Amino acid sequence: MGQPLVSELLRDHLQELANRDERADGRTQWQGRDLSVEIGVLERAEGSAKVVMGDTIVYAGIKFQLQTPYPDRPDEGGLMTSAELRPLAGRHHEPGPPSPLSIEMGRVVDRGIRESGCINTKDLCIIPGEKVWQVIIDCFAISDDGNMFDAFALAAIAALQNSTLPGERFDVGEDRPLPVNKTPIMCSFQKVGGRFVYDANREEEVGGDERIHITLGEGDHVHSLQKGLKGVFSASEFAEIMDAAKVRCAELRKIVDSL
Amino acid sequence: MGQPLVSELLRDHLQELANRDERADGRTQWQGRDLSVEIGVLERAEGSAKVVMGDTIVYAGIKFQLQTPYPDRPDEGGLMTSAELRPLAGRHHEPGPPSPLSIEMGRVVDRGIRESGCINTKDLCIIPGEKVWQVIIDCFAISDDGNMFDAFALAAIAALQNSTLPGERFDVGEDRPLPVNKTPIMCSFQKVGGRFVYDANREEEVGGDERIHITLGEGDHVHSLQKGLKGVFSASEFAEIMDAAKVRCAELRKIVDSL
Amino acid sequence: MGQPLVSELLRDHLQELANRDERADGRTQWQGRDLSVEIGVLERAEGSAKVVMGDTIVYAGIKFQLQTPYPDRPDEGGLMTSAELRPLAGRHHEPGPPSPLSIEMGRVVDRGIRESGCINTKDLCIIPGEKVWQVIIDCFAISDDGNMFDAFALAAIAALQNSTLPGERFDVGEDRPLPVNKTPIMCSFQKVGGRFVYDANREEEVGGDERIHITLGEGDHVHSLQKGLKGVFSASEFAEIMDAAKVRCAELRKIVDSL
Amino acid sequence: MGGYGDIQMIDENGVRVDGRKAGDLRPIEIELGVVPVADGSASMRWGTNYVIAAVYGPMEAHPRKIQRQERAVLDVRYNMAPFSTTDRFRPGFNRRSREISKVTADALESVVQLELFPRSKIRVEIEVICAEAGTRCVGLTAASLALADAGIPMSDMVVSVASGKVNDVVVCDLNKEEDNYGEADLPMGILPNSGELVFLQMDGDLSPAEFQEAWDYNMAAAMNVHEIMKEAIAKKYGGES
Amino acid sequence: MGGYGDIQMIDENGVRVDGRKAGDLRPIEIELGVVPVADGSASMRWGTNYVIAAVYGPMEAHPRKIQRQERAVLDVRYNMAPFSTTDRFRPGFNRRSREISKVTADALESVVQLELFPRSKIRVEIEVICAEAGTRCVGLTAASLALADAGIPMSDMVVSVASGKVNDVVVCDLNKEEDNYGEADLPMGILPNSGELVFLQMDGDLSPAEFQEAWDYNMAAAMNVHEIMKEAIAKKYGGES
Amino acid sequence: MGGYGDIQMIDENGVRVDGRKAGDLRPIEIELGVVPVADGSASMRWGTNYVIAAVYGPMEAHPRKIQRQERAVLDVRYNMAPFSTTDRFRPGFNRRSREISKVTADALESVVQLELFPRSKIRVEIEVICAEAGTRCVGLTAASLALADAGIPMSDMVVSVASGKVNDVVVCDLNKEEDNYGEADLPMGILPNSGELVFLQMDGDLSPAEFQEAWDYNMAAAMNVHEIMKEAIAKKYGGES
């Protein structure tokens, strides 16, 4: 039962930092951690990416399967996103069935991809009514030092944009690149010490309050939003992080598009 | 570990009442609570009923699905009954997989319906060997103040008798009423303070012993029996509740048949 | 938390016995318990055996099912082994999903059978690409006084060698004996008091360390090995138990082949 | 109850498919102590049924939250072995087995003197090795034998048997075909010394008169089975049989 | 969002398939106390949606490991009844329900004064009896009514509503067709007294201007729904409506 | 072992499909500290295998019922990432992973000095990121490196390698085709300093002489792998390599 106490100390510490407009690791309010994105890193996947954001490390791997289309959408393939936070990735990750958090992560990443329309499911059709591709995005955590949402989302879109439909292995034509039309980018904000910051690390997550995930596309179109955790926020706070998201999403989109 | 003590006090209290031929809520031994039965209450179900017995409230909803018949019974449809006691319905109902009690309820209600032959499974045939209807009866608790068995069974038969085979939605012909040939009625008795009473409320269930469920059809034919919980009873006790059941089942059948 | 203490006392006792080259029940190091093997004991199985080794009692039952072959092996049937250690068989067996130990048992018994090639899966073909037999070996514990591995493996091969493919019941031709080409035999050894012994009883299992399972075929060919539990052993210790296994496997093979 | 009235299961002389008359029981054999590592055990062959029951305890009840201050808890499991049925019975969760475990526990709790063993647990394990019909009855009866073999005090034995109706005839102790194709099934758990009941189920269609006839068959059969049980106990433990 | 822009859901006069104008809410009816055995309860009919919420507690939090020294824990479940949808909704584990339960709990924890009930638990149960569209919004709103009915202190009520975009028109309070075939969905949970938010999701495609329009619809709708809620509470408990 | 003797996997010059001779190992690369948030970690590339192992602890063992008064408990998990195999590997319960976790734990418990950390827990997590053949061997070896990186005292390292038989030739360190279509597989877990074993499995068909040859290959290979491991440790922590 000592946990809440420790957490109070941490919260107080983060509050003091926020009062001085500082963060525990020296960053400014809207500054992200050092970032690297590599693609083509998984030999067995048809597309892959590794994202390192500070001490947060994740993979995304793309696999394809054949499936029968739904009768009411005979010329459309499918898309599935799964996020795994196995106990490898951190002291606080428990073994067992998928945690509510990892289910939420998978769904939030999935929505950003899906709702942006970056995958036209009609591009996944092989034989209408008979055979279509299912795209499976597996997000996999290696080291969780906070903000897995953005790391997963970034790895997912980078891996998608560099993946190959394995026609030959499945005997349905030649291999060809998966068409990806857009580059949806997620930016996540957490309330820490009473104000929102971008790209919270694990310490800020533990001592923080609600988080808000924003996925933007070209022209700052909004594709997905999600508020997580307990917390109240005002319309003006939201307007402020939306502005920060517009700036950062554009930067990240440039990185992904240049891979 | 105080629970058994409280329960002993309650048992003593109920014993004293029984000694005076009384019940906690003023009813006589074979008297039921105030009853109302409404049909057609669920917009998304093909048949439905709401039963209120005192503070006990339940719904039953009928849904139909197409299925392939079993090879050895090519012209017969199927029947499935499920009873859900979700935590909504009472402080003592725990979340999680179906409790042993709710499994028992589903099976006891199912048996009464099934064994009475009120549904002729051959009436559910669409194309022999290819397509038959499956009838699904979903019993759902809103408020559990005791004797869910009878409430579920009554809602189930009332909903069945007023349901429509959705031929048009499934593209297998016109909508038509589900043929229901009989009106099986369940009456449940619980031993409280050393004697059986009809329609026990929650307090009597907690402080009582074994319960006996009797489903009767026309001509007092017996279709289903079930003794639940720990307890010993004699042949003469059984004869007594069987007589009470005959009277009450006839009354309830009249109500259901008049809906 | 007293358990480790009791276990230490037992370990000390077994160590003293080992120092004097003795065992708790009077056997010598490589001596098995009294053994009986009966076949044809289960009316509903297509092949069956009961093995009694001291107070250890098990059944194996063989059942067959039709299945569609795998596309890449159109003329081969399947083989599945399951081992059940239900709470009937001992005070220490807990209810619930299969324990890690019972999963390991199933897999070790399965491997010995499978890897020996005693079943030629092509003998299970009925119509290439369409219908093949699946052989299911169900090992079932009645009384666990130790060394269930050997009891299950012995019952499994004895039941297999005396089973009948139920062609008539499944309408795919006449009944005929299942062809079994070899007689793989498992011998298990446990380190107790610092040395390995053959056919450990339950007391020796509780107070012992690692166990090693050896399955041999004709000509002392090795078909399967498995080391279980924590423990270190040397190459020379292994050579010693391999020699003991060769002797005992030959004896047991004679018993099985004579049934 | 399948209710397939058109299958002939009793001939013109009142002889059933297995050669019995309406009121006859199937052959019964009992063995005690069949699970040597258990505190008590029994097997019953009853027709082609073969059921083994074992008892462990009284033992410490853990986890502690299941403990009851004033009595023992009874933990009963009924299960079908995978090779007990013509089609393999797949292991794992099973609603039918759960329900039978529950009604069996309810019946046994009515006779076992649980209050003699506060805070402890008694485990009763029932395994159907070969199933014909009426396995729940055989399992309950075998369990009461295993409890006796374990020396657990009971107010009475429990004897369970199922009569029913086939081809409009009420018959005693349904066999497999009669259970599958008959029109009614009435299993009861009877205390042979008092004639009282601790277990009762029924499925199908019985007129009031037929119901009484099936009830009476069960009562009479229970007395006969009880004699066989007493012999088996006397054979192992001595005493008048 | 299906994004099926070719289905006509708004006619040339700006009238939606259910007859509403772009900014209109569906009809709403509230009843308190519909679960007599609960400590508080409420039902909402909202269009064809019918949702019941019940509250139990504050009660002892057990097992003890879930207890929090300094506040109550809030245990929220959202579930769809099997007959709530056109195709039967299969009971059992469901990722969507889990996620909605979580976001609903997060929203309610932001207003319920949990620190008044240390070491205790408050259970909130939401059952969708009939689903149209926006069940998560109706469930969250009904839950805050049930909490009020149970007398649990809250800093504000929560009113939740989802606006969105269909046929390139931004509309208030999406109905079923609009939810299935529209181009965007923006559900929000709003505190009517402060105008702050405790719940926010969004799916689809909205330009910055469209986003602002949908946001404003939700804010205005929340105020209207709040009036209906206050009336229902006043009707049961008196006070100015 | 598939036992498909008709597939040619060694040519007339004794060269294997990947160019190796019978006694050669695949290329191996080791990196320590690849999971920055863990107390110790290591990755191994071994042929096309890529495996990451991380260690957390010693930490408090909870729930308390898993605690051991006199030693630490070792909690080992082996898992295949969904993209580690040609066909996607579906997450969730898996008997093979459970069994490999268990034999890996048994092997590590034989060397980790658990008695130094009474009442605590040490977690060992093994994730197969890319699978070729012999992942259980690579996982066990990587785990012992991660334990070393975490500073957990061990009586010896564990080096694991699998030799076997293909086309009737005994070969060292089976690759994927050899593992799929070969006639025997003998994985062993070897303590390089004492030459003793802590892990042993075998499947297939080996004559006594072939068995000895495979055994000897494993022993020699373990010594070579151990040199690479010592270099990796020395590179991070200094000391003689």
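To find a chain, count down the sequence lines: A is the first, B the second, and so on, and within it residues start at 1. Every heavy atom of this structure was used, including side-chain atoms; hydrogens, water molecules and symmetry mates were not. Every value quoted in this text rests on a predicted model; they were computed, and no experiment measured them.
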query: What are the residues of residues 190-203 of chain C, in order of number, with any heavy atom under 4.5 angstrom from a heavy atom of chain F?
result: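 Counting heavy atoms that sit under 4.5 Å from chain F, no residue of residues 190-203 of chain C is involved.
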- request: Considering only heavy atoms, give the residues of residues 212-221 of chain C separated from chain F by less than 4.5 Å, sorted numerically, with 'none' for an empty result.
  value: C/Gly219, C/Asp220, C/His221
task: Might you work through the salt bridge (Lys or Arg N to Asp or Glu O under 4.0 Å) test for C/Arg11 and C/Asp209, ending with a clear yes or no?
output: CA-CA 10 Å; C/Arg11 291 177 70 87; C/Asp209 296 299; 3.0 Å; yes
task: Step by step, work out the side-chain hydrogen bond (donor to acceptor under 3.5 Å, both in side chains) result for F/Ser155 and F/Gln113.
output: CA-CA 7 Å; F/Ser155 60; F/Gln113 296 186 3; 5.2 Å; no
query: Considering the options F/Arg96, F/Arg98, F/Glu125, which one meets the side chain to side chain donor-acceptor pair (under 3.5 Å) requirement together with F/Tyr78?
result: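 Among F/Arg96, F/Arg98, F/Glu125, the one that satisfies the side chain to side chain donor-acceptor pair (under 3.5 Å) with F/Tyr78 is F/Arg96.
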message: Against C/Thr121, only a single residue in C/Glu76, C/Arg114, C/Arg73 fulfils side chain to side chain donor-acceptor pair (under 3.5 Å); can you say which?
response: C/Glu76
- prompt: Which residue pairs satisfy the ring pair (Phe, Tyr, Trp, His ring centres under 6.0 Å) criterion with at least one member in residues 184-222 of chain F, sequence neighbours excluded?
  reply: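 Those involving residues 184-222 of chain F are C/Phe238-F/Phe211, C/Phe238-F/Trp215, F/Phe211-F/Trp215.
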query: Would F/Arg68 and F/Glu70 count as a salt bridge (Lys or Arg N to Asp or Glu O under 4.0 Å) if you check the C-alpha gap in whole Å, the side-chain angles of each, and the deciding distance to 0.1 Å?
result: CA-CA 6 Å; F/Arg68 296 294 302 269; F/Glu70 77 292 5; 3.0 Å; yes
- prompt: Can you tell me how far the CE atom of F/Met80 sits from the OG1 atom of F/Thr85, to the nearest 0.5 Å?
  reply: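 Going from the CE atom of F/Met80 to the OG1 atom of F/Thr85 covers 5.5 Å.
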- request: Working to the nearest 0.5 Å, report the span between OG of C/Ser116 and CZ of C/Arg111.
  value: 13.5 Å
Part of [X] within contact of chain C (heavy atom distance under 4.5 Å):
| X | value |
| --- | --- |
| F/Leu74 | neither |
| F/Leu191 | side chain |
| F/Val103 | side chain |

message: Can you tell me which of F/Ser110, F/Ala107, F/Ser101 forms the most heavy-atom pairs within a distance under 4.5 Å of chain C?
response: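 Top count of heavy-atom pairs under 4.5 Å with chain C: F/Ser110.
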message: I'd like to verify something: which residue of F/Glu99, F/Glu210, F/Glu109 has the highest number of heavy-atom pairs under 4.5 Å with chain C?
response: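 Result: the option with the highest number of such pairs is F/Glu99.
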Atom of F/Met188, atom of F/Ser160 and distance for their closest heavy-atom approach: O-OG, 2.9 Å
query: How would you list, by chain and number, every residue that makes a ring-ring contact (aromatic ring centres under 6.0 Å, His included) with C/Tyr59, sequence neighbours excluded?
result: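 Expected list: none.
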- request: Decide yes or no on salt bridge (Lys or Arg N to Asp or Glu O under 4.0 Å) for C/Arg248 and C/Glu251, but give the supporting numbers first.
  value: CA-CA 5 Å; C/Arg248 184 58 177 160; C/Glu251 290 169 9; 2.7 Å; yes
message: Is any side-chain heavy atom of F/Gln201 closer than 4.5 Å to one of C/Lys227?
response: no
